[in-house]
Structure formats: structure tokens, C-alpha cells
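Index from 1, following the sequence.
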Amino acid sequence: PHLKDDLGRWMREDKKSDARFTSMVDLYRLPKDFPGWANSRNIKDPFDRVLDLEQRLADEIDDRRFVPYIQLHEFEALLLSYPEAFALQFPRRTKDINKLTAQCASAPSPEHIDDGPATHPSKRILDIFPDYDKVSAGSIIAKEIGLDRMRKACCHFDDWVKRLEALR
């Protein structure tokens with residue numbers, strides 16, 4: 001409801017036909033009242049699941065200017081596209097960085113790292129780096145990784161950026 005209310009307010013403030021609006025919400029812990037949430041629990045493939053939820057969100061917002069995006073599984077998945085960048089925030093923690101890198105190597109992509117209570121991306125990071133802070137460290141690490149690396153490693157994220165670039 002908060003997302004829908006915020007988007008509705010912004011869309012009413014800017015009624016121009018060339019204005020665009022998007023979302024970036026984490027799949028992990030979406031609220032149960034999210035459009036299509038109950039049905040999505042039956043969709044095993046994470047990419048199919050997130051596409052279904054994005055379509056249901058688009059249907060709910062019902063405005064062609066809206067480009068829905070749900071991050072698989074959460075923001076930290078993007079950071080797992082290059083775990084070595086954690087060295088910027090955690091120097092001299094090579095063993096921990098190697099441990100995180102090994103965990104990431106066990107999944108086909110960072111977007112496949114699941115959303116279980118003990119295995120979602122931020123939980124994995126916090127288990128290794130208890131002093132990790134999403135707001136401060138997360139943004140610094142993301143900048144170090146860069147958009148190109150994230151896009152190469154995370155195809156759903158890349159598809160969203162391509163859709164936004166095509167709006168030019």
C-alpha cells in the first residue's frame with residue numbers, strides 16, 4: 001500500500017505523458033498483501049516469479065508510464081556480483097572475502113542466491129561481516145563494483161536498466 005500510495009502521488013504531481021516512474025523493491029520479504037504474492041509462492045523459478053509479480057504490480061498501478069522492478073532477491077544480490085569489492089570497506093579481511101566469494105560461486109548468479117531466512121544475500125553478508133551496514137557500506141561497495149559488473153552478473157537487473165535506457 002505504501003508503494004502504491006507514493007507512486008500514485010508522484011504520478012498525479014507529474015501528469016506529463018513522457019514522465020516515467022519505476023520501483024526498486026526487494027523480492028525478499030515482500031508483504032503478503034503485495035499483488036499476486038500468494039500465487040507467486042507456487043512459482044519455483046525466481047525469474048518467472050519476479051516477472052509475474054512485476055506484471056501484477058504494473059496491473060495494480062495501471063499507468064503505462066510505470067516500469068515495475070523487483071530486485072531478486074534483495075539489493076545485496078547486486079553486491080554479490082563482485083564480492084572482492086568488500087575489501088574497500090573491510091580491508092585485511094581477505095579470508096572473509098574469500099568465504100563470501102566461495103558462497104557466491106555456488107550459485108549460477110547473484111540473483112539465484114535464495115531468499116530463505118538463513119540464506120538470503122544480506123544474511124550471508126552479515127554472517128561474515130557483522131559490522132556491514134546497508135546504507136553506508138552498501139552504497140560504497142556498489143559504487144566500487146560499478147553498474148557494468150552488476151549488469152553482467154545480474155540479468156534481471158540488466159533487463160530493467162535496458163528498459164530504462166530505451167526510454168530516452
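Applying the side-chain contact (heavy atoms from CB on, under 4.5 Å) test to R93 and every residue at least two apart in sequence or in another chain returns F90, D96, F129, P130, D131. Annotation: side-chain contact (heavy atoms from CB on, under 4.5 Å) contacts of R151 (sequence neighbours excluded): L147, F157, D158, V161, K162, E165. Residues meeting the side-chain contact (heavy atoms from CB on, under 4.5 Å) test with A87, sequence neighbours left out: I97. Residues passing the side chain to side chain donor-acceptor pair (under 3.5 Å) test with E84: none are found, sequence neighbours excluded. By the side chain to side chain donor-acceptor pair (under 3.5 Å) test, E144 pairs with no residue at all, sequence neighbours left out. Every side-chain contact (heavy atoms from CB on, under 4.5 Å) that D6 has, sequence neighbours left out, goes to R9, W10.
Ring geometry for H156 versus F47: interplanar angle over 60°, hence perpendicular rather than tilted (30 to 60°).
Rounding to the nearest 0.5 Å places CG of L80 at 10.0 Å from OG of S109. Rounding to the nearest 0.5 Å places CG of L3 at 6.0 Å from OG of S23. Within the model, atoms CG of N42 and CG of D48 stand 13.0 Å from one another, a figure rounded to the nearest 0.5 Å. Atom CD1 of I128 sits about 8.5 Å away from atom CD1 of I125, to the nearest 0.5 Å.
In this structure, Y69 and V25 have side chains that are not in contact, with every pair of non-hydrogen atoms separated by 4.5 Å or more. Residues L79 and F75 have side chains in contact (heavy-atom distance under 4.5 Å, counting atoms from C-beta outward). Taking 4.5 Å as the limit, every side-chain heavy atom of Y28 sits out of range of all side-chain heavy atoms of L72. Side-chain contact between H120 and H73 is absent, with no heavy atoms from C-beta onward closer than 4.5 Å. Contact of the S17 side chain with the R64 side chain is registered, since non-hydrogen atoms from C-beta on lie closer than 4.5 Å.
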CA sep, side-chain torsions, deciding dist, call: D133, S136, side-chain hydrogen bond (donor to acceptor under 3.5 Å, both in side chains): CA-CA 6 Å; D133 177 77; S136 61; 2.9 Å; yes

Step by step, work out the salt bridge (Lys or Arg N to Asp or Glu O under 4.0 Å) result for R56 and D52. CA-CA 6 Å; R56 291 181 187 251; D52 180 72; 3.0 Å; yes

Could you walk me through whether I113 and T119 pass the side-chain contact (heavy atoms from CB on, under 4.5 Å) check? CA-CA 7 Å; I113 295 174; T119 56; over 6 Å; no

Go through the steps to decide whether L78 and I145 satisfy the test side-chain contact (heavy atoms from CB on, under 4.5 Å), and finish with yes or no. CA-CA 9 Å; L78 299 174; I145 294 169; over 6 Å; no

Intermediate values then yes/no, salt bridge (Lys or Arg N to Asp or Glu O under 4.0 Å), K134 and D26: CA-CA 13 Å; K134 179 181 229 165; D26 293 345; 3.7 Å; yes

For the pair R65 and D63, evaluate salt bridge (Lys or Arg N to Asp or Glu O under 4.0 Å) and give the outcome as yes or no after the intermediate values. CA-CA 5 Å; R65 301 175 304 158; D63 189 312; 3.1 Å; yes

Derivation and outcome, salt bridge (Lys or Arg N to Asp or Glu O under 4.0 Å), residues D159 and R163: CA-CA 6 Å; D159 288 343; R163 286 185 291 166; over 6 Å; no

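Residues Q89 and Y132 have side chains that never bring a donor and an acceptor to within less than 3.5 angstrom of each other.
The pair D45-R49 fails the salt-bridge criterion, with no side-chain N (NZ, NE, NH1 or NH2) lying under 4.0 Å from an Asp/Glu carboxylate O. Taking 4.0 Å as the cut-off between side-chain N and carboxylate O, K123 and D127 count as a salt-bridged pair.
Judged purely by atom type and a 3.5 angstrom limit, Q103 has no side-chain atom pairing as donor or acceptor with the backbone of R124.
In terms of heavy atoms, S81 sits closest to C154 at CB-SG, 4.3 Å.
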